Amino acid sequence: MTAPLRVLVTGAAGQIGYSIVIRIADGTVFGKEQPVQLVLLDVPQCANVLEGVVFELQDCALPTLHSVEAVTEEKAAFTGIDYAFLVGAMPRREGMERKDLLAANVKIFKSQGKALAEYAKPTTKVAIIVVGNPANTNAFIAAKYAAGKIPAKNFSAMTRLDHNRALAQLALKTGTTIGDVKNVIIWGNHSGTQFPDVTHATVNKNGTETDAYSAVGDNAFLQGPFIATVQKRGGVIIEKRKLSSAMSAAKAACDHIHDWHFGTKAGQYVSMAVPSDGSYGIPQGLIFSFPVTIDGATREWKIVQGLNFDDFAKGKIAATTKELEEERDDALKACDDANI
Ligand SMILES: NC(=O)C1=CN([C@@H]2O[C@H](COP(=O)(O)OP(=O)(O)OC[C@H]3O[C@@H](n4cnc5c(N)ncnc54)[C@H](O)[C@@H]3O)[C@@H](O)[C@H]2O)C=CC1
Ligand SMILES: O=C([O-])CC(=O)C(=O)O
């Protein structure tokens with residue numbers, strides 16, 4: 001029998017948590033043959049809600065759910081895990097930017113980075129996705145405080161929701177379906193400065209694969225409203241729902257880890273915020289969204305190399321890099337101030 005994977009979800013009493021755990025437990029993420037031990041972490045005040053989530057998962061009677069436990073302490077949460085979905089953090093409300101959450105949330109990721117270093121197995125290959133905002137910078141901080149124990153390349157932040165939004169907007173514009181659109185890229189920060197780029201994307205329209213610019217036939221749209229829609233989508237959802245995206249965020253986090261576990265499809269890449277190795281001139285160590293391919297056998301991601309930028313793209317990438325550097329500096333300062 002396949003050994004179970006131990007999978008941690010933080011913030012599991014929250015709204016993304018509620019949508020995410022069922023997909024992990026029912027085999028959507030790791031496959032129908034892979035048993036999963038789910039570990040659900042939330043703050044002690046949410047212990048009762050967490051227990052309700054555990055009861056519901058039990059009531060789902062899922063063959064892939066080996067066990068589920070609710071915990072409110074980091075030691076119990078981080079010990080022996082294979083995968084971590086770091087969701088637990090404050091969400092923004094109407095009128096806020098994601099970086100306004102930095103002061104409140106960065107200390108959570110400092111503490112969890114330390115907990116990973118302290119409690120994860122020394123040989124750990126744990127793969128970590130940070131969803132809690134500001135996601136790139138929180139991942140940077142978690143990686144910093146886990147350094148020496150967990151390699152930085154095991155940390156990632158989620159820009160898959162932006163990637164999925166870009167796929168959906170292109171499909172809507174070209175009258176195609178999601179499966180017809182490939183290789184959109186989100187560059188940079190999960191914020192209003194991100195650069196959704198379709199320069200290398202293709203669309204299969206009526207059986208013929210063409211580049212996205214030809215398929216859309218409207219450059220002004222692709223360089224204007226398309227980018228703005230993807231950049232601002234999170235804010236629009238908050239305005240409409242009075243709560244931030246949860247169903248789509250959970251689905252994107254599961255897509256991200258599914259592809260990390262199984263690998264990307266031949267000829268396709270996905271967007272993941274990972275520590276920069278200096279590719280495309282992005283400062284080393286910054287958690288930056290790049291197009292990546294993943295080898296399912298080794299579970300190693302690689303940044304897609306050799307893509308060209310025109311001046312328009314260069315300007316967008318410079319802006320999101322600058323914002324990430326500023327966020328990183330603010331977060332480091334906040335961590336020094338945070339007595340954890
Ligand atoms: N990267 C992305 O694309 C997206 C990120 N997000 C972010 O995800 C985060 C969670 O969003 P929601 O689930 O809607 O929020 P929520 O408020 O419904 O749930 C958050 C949960 O985290 C828990 N929590 C707080 N501190 C914790 C800690 N130290 N350890 C464990 N749990 C803790 C809270 O008690 C709560 O149950 C927010 O920061 C939100 O902005 C949301 C959508 C997309
Ligand atoms: O916008 C927010 O605050 C939540 C989020 O990250 C998203 O929906 O992309």
Side-chain angles (χ1 to χ4, degrees), residues 8-21 39-53 70-78 84-116 129-139 141-142 156-166 168 186 188-192 194 196 229-257 271-273 287 289 338 340:
L8 168 66
V9 178
T10 73
Q15 46 149 13
I16 296 176
Y18 192 72
S19 291
I20 229 172
V21 292
V39 186
L40 311 184
L41 173 73
D42 212 292
V43 295
Q45 303 89 292
C46 290
N48 219 24
V49 178
L50 212 49
E51 196 176 22
V53 177
V71 300
T72 55
E73 282 177 6
E74 287 176 344
K75 181 176 181 187
F78 287 93
F85 291 74
L86 303 187
V87 180
M90 189 195 283
R92 68 175 168 149
R93 304 281 176 212
E94 247 177 303
M96 292 171 82
E97 289 301 325
R98 295 184 187 96
K99 64 182 152 201
D100 298 336
L101 298 167
L102 214 151
N105 287 345
V106 83
K107 54 182 186 289
I108 297 174
F109 293 88
K110 175 177 179 179
S111 173
Q112 293 182 353
K114 286 180 170 181
L116 275 159
I129 176 176
V130 173
V131 175
N133 278 318
N136 300 53
T137 300
N138 287 336
I141 291 299
S156 66
M158 183 164 96
T159 51
R160 186 63 173 264
L161 177 53
D162 310 291
H163 181 101
N164 287 348
R165 287 167 172 160
I186 304 298
N189 200 4
H190 174 61
S191 75
Q194 66 177 268
T229 299
V230 177
Q231 287 175 331
K232 294 182 186 157
R233 190 65 153 197
V236 170
I237 303 287
I238 294 171
E239 203 183 299
K240 305 242 171 241
R241 271 180 19 98
K242 310 297 170 205
L243 285 170
S244 60
S245 316
M247 173 176 43
S248 55
K251 196 276 181 176
C254 292
D255 287 348
H256 176 121
I257 293 292
S271 304
M272 252 168 92
I287 305 272
S289 182
I340 307 166

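Only a predicted model underlies this, so the values are computations on that prediction, with no experimental measurement involved. Keep in mind that the numbers below use all heavy atoms, side chains included, and drop hydrogens, waters and symmetry copies. Ligands are counted one by one from 1 in listed order, and the atoms in each one are counted from 1 as well.
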Numbered atoms and elements of ligand 1 in range of M90, under 4.0 angstrom, heavy atoms: 38 (C), 39 (O)

Looking only at protein heavy atoms, identify the closest one to atom 11 (O) of ligand 1 and say how far it is in Å. I16 CD1, 3.5 Å

What is the nearest protein non-hydrogen atom to atom 6 (N) of ligand 1, stated with its residue, atom name and distance? N133 ND2, 3.3 Å

Would you say the side chains of R165 and Q231 form a donor-acceptor pair under 3.5 Å? no

Can you check whether I108 has an N/O within less than 3.5 Å of an N/O in ligand 1? no

Record the part of R98 in heavy-atom contact with ligand 2 below 4.0 Å; permitted values are side chain, backbone, both and neither. side chain

N138 side-chain N/O to F109 backbone N/O, donor-acceptor pair under 3.5 Å: no

Heavy-atom closest contact (A89 atom, I108 atom, distance): CA-CD1, 4.0 Å

Counting only heavy atoms, which portion of I238 has something under 4.0 Å from ligand 2: side chain, backbone, both, or neither? side chain

Would you say the side-chain atoms of E74 and S111 include a donor-acceptor pair closer than 3.5 Å? yes

Answer with yes or no whether the side chains of H256 and S156 bring together a donor and an acceptor at under 3.5 Å. yes

I need the atoms of ligand 1 closer than 4.0 Å to a non-hydrogen atom of C46, numbered in the order shown. 35 (O)

For S244, the ligand 2 atoms whose distance to one of its heavy atoms is below 4.0 Å: 4 (C)

Calculate, to the nearest 0.5 Å, the distance between atoms CE and CZ belonging to M158 and F85 respectively. 10.0 Å

I'd like to check which ligand 1 atoms, numbered from 1 as shown, lie under 4.0 Å from a non-hydrogen atom of A89. 9 (C), 10 (C), 20 (C), 22 (O), 38 (C), 39 (O)

Tell me the protein heavy atom at minimum distance from atom 9 (C) of ligand 1, and give that distance in Å. V87 O, 3.3 Å

Would you tell me which option among Q15, H163, H190, M96 has the nearest heavy-atom contact to atom 16 (P) of ligand 1? Q15

Close N or O approach (V131, ligand 1; < 3.5 Å): yes

Looking only at atom types and distance, does a side-chain atom of D42 sit under 3.5 Å from a main-chain N or O of T72, one as donor and one as acceptor? no

Output the list of atoms in ligand 2 that are nearer than 4.0 Å to some heavy atom of R165, sorted by atom number. 7 (C), 8 (O), 9 (O)

As an exercise, identify every atom of ligand 1 less than 4.0 angstrom from a heavy atom of A249. 43 (C), 44 (C)

Measuring from non-hydrogen atoms of Q112 to any atom of ligand 1, is the shortest distance under 4.0 Å? yes

Any atoms of ligand 1 less than 4.0 Å from a non-hydrogen atom of A13? List them with their elements. 37 (O)

Could you check atom 15 (O) of ligand 1 against the protein and tell me its nearest heavy-atom contact, residue, atom and distance included? P91 CG, 3.5 Å

Within the structure provided, determine whether V53 and V21 are in side-chain contact (heavy-atom separation under 4.5 Å). yes

What is the nearest protein non-hydrogen atom to atom 6 (O) of ligand 2, stated with its residue, atom name and distance? H190 NE2, 2.6 Å

Is the number of heavy atoms from other residues, nucleotides or ligands under 6.0 Å of E73 CD greater than 12? no

When you measure from the side chain of Q194 to the backbone N and O of T159, does any donor-acceptor pair fall under 3.5 Å? no

In ligand 1, the atoms that come under 4.0 Å of a heavy atom of G14 are 18 (O), 19 (O), 37 (O)

Stepwise, does the side chain to side chain contact (heavy atoms under 4.5 Å, CB included) test hold for R93 with L243? CA-CA 7 Å; R93 304 281 176 212; L243 285 170; 3.7 Å; yes

Shortest protein contact, atom 28 (C) of ligand 1 (heavy atom only): V43 CG1, 3.9 Å

To which protein heavy atom is atom 32 (N) of ligand 1 closest, and what is the distance rounded to 0.1 Å? G11 N, 3.4 Å

Taking non-hydrogen atoms only, is I237 closer than 4.0 angstrom to ligand 2 via side chain, backbone, both or neither? neither

To the nearest 0.1 Å, how far is atom 37 (O) of ligand 1 from its closest protein heavy atom, and which atom is that? D42 OD2, 2.7 Å

Within a 6.0 Å radius of atom NZ on K242, are there more than 12 heavy atoms belonging to other residues, nucleotides or ligands? yes

Start with the C-alpha gap between Q112 and L41, add the side-chain angles, then the distance that decides, and say whether side chain to side chain contact (heavy atoms under 4.5 Å, CB included) holds. CA-CA 11 Å; Q112 293 182 353; L41 173 73; 4.1 Å; yes

Any donor-acceptor pair under 3.5 Å linking the side chain of N136 with the backbone of I287? yes

What protein heavy atom lies closest to atom 2 (C) of ligand 2? Include the residue and the distance to one decimal. R92 NE, 3.2 Å

